[in-house]
Amino acid sequence: MEYEAQLGQRERDILALERRGFPGPGAKERAIREELGLAPVRYYQLLNALLDDPRALASDPVTVNRLRRIREARRTER
């Protein structure tokens with residue numbers, strides 16, 4: 001897909017991690033540190049920016065739209 005080529009490897013890795021399920025608390029944060037070498041805070045900053053990136057939407061519309069809905073629901077709760 002032409003859009004995937006435009007996304008960097010780190011962005012593709014972030015989307016791939018978001019597609020996975022995690023068994024319990026802390027498992028996702030551990031995967032973020034071990035597999036991506038990022039602090040969870042930095043990971044979520046990058047993920048949030050990625051959700052607004054049209055290349056990410058074109059690359060993985062199901063994941064991006066799901067995460068956008070979750071983000072919007074959290075914003076309206078505040």
Side-chain angles (χ1 to χ4, degrees):
M1 196 180 259
E2 67 182 81
Y3 279 103
E4 280 196 34
Q6 292 179 3
L7 282 179
Q9 185 62 46
R10 180 164 64 177
E11 288 85 3
R12 290 193 304 271
D13 290 345
I14 288 171
L15 290 174
L17 194 110
E18 285 299 321
R19 283 192 297 270
R20 291 171 32 198
F22 292 93
K28 183 175 184 178
E29 284 71 18
R30 204 163 33 254
I32 290 167
R33 289 180 196 279
E34 292 173 3
E35 297 172 26
L36 302 179
L38 294 169
V41 169
R42 181 67 182 138
Y43 171 84
Y44 287 110
Q45 290 171 338
L46 292 169
L47 175 61
N48 203 37
L50 196 53
L51 294 183
D52 296 325
D53 189 329
R55 297 171 307 156
L57 180 63
S59 171
D60 191 348
V62 172
T63 302
V64 172
N65 282 322
R66 176 178 57 84
L67 294 170
R68 283 179 174 180
R69 283 191 304 273
I70 292 168
R71 180 176 69 177
E72 193 54 39
R74 288 188 179 145
R75 283 182 178 166
T76 58
E77 284 175 8
R78 293 181 193 157

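The figures here come from the full heavy-atom set of this structure, side chains too, leaving out hydrogens, waters and symmetry mates. Remember, it's a predicted structure, so these values are computed and weren't measured experimentally.
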Please lay out, stage by stage, how Arg10 and Leu46 fare under the test side chain to side chain contact (heavy atoms under 4.5 Å, CB included).
CA-CA 9 Å; Arg10 180 164 64 177; Leu46 292 169; 3.8 Å; yes
Electrostatic pair Glu35:Arg20 at N-O distance under 4.0 angstrom
yes
Residues Ala31 and Phe22: closest non-hydrogen pair is CB-CE2, 3.7 Å
Any salt bridge between Arg71 and Asp52, counting N to O under 4.0 Å?
yes
Say you draw a straight line from CG of Asp53 to CG of Leu47; how long is it, rounded to the nearest 0.5 Å?
11.5 Å
Check whether any side-chain N or O of Arg33 sits under 3.5 Å from a backbone N or O of Leu38 as a donor-acceptor pair, and report yes or no.
no
Say whether, by atom type as modelled, one donor and one acceptor occur between the side chain of Asn48 and the main chain of Tyr44 under 3.5 angstrom.
no
Nearest atoms (heavy-atom pairs only) where Leu17 meets Tyr43:
CD2-OH, 3.3 Å
Could you go step by step and tell me if Leu7 and Leu15 meet the side chain to side chain contact (heavy atoms under 4.5 Å, CB included) rule?
CA-CA 10 Å; Leu7 282 179; Leu15 290 174; 4.0 Å; yes
Roughly how far, to the nearest 0.5 Å, is the CD atom of Glu72 from the CD atom of Glu77?
11.0 Å
Roughly how far apart are Thr63 OG1 and Glu18 CD, rounded to 0.5 Å?
8.0 Å
Locate the shortest heavy-atom distance separating Pro61 from Ser59; write the atom from each residue and the value.
CD-C, 3.7 Å
If we ignore hydrogens and angles and just use 3.5 Å, is the side chain of Thr76 paired with the main-chain N or O of Ala73 as donor and acceptor?
yes
Could you check whether any side-chain heavy atom of Leu67 comes within less than 4.5 Å of a side-chain heavy atom of Leu50, counting everything from C-beta outward?
no
Determine yes or no for a side-chain-to-main-chain donor-acceptor pair under 3.5 angstrom, with Glu11 supplying the side chain and Gly8 the backbone.
yes
Exercise: identify the closest heavy-atom pair between Arg68 and Leu57:
NH1-CD2, 3.7 Å
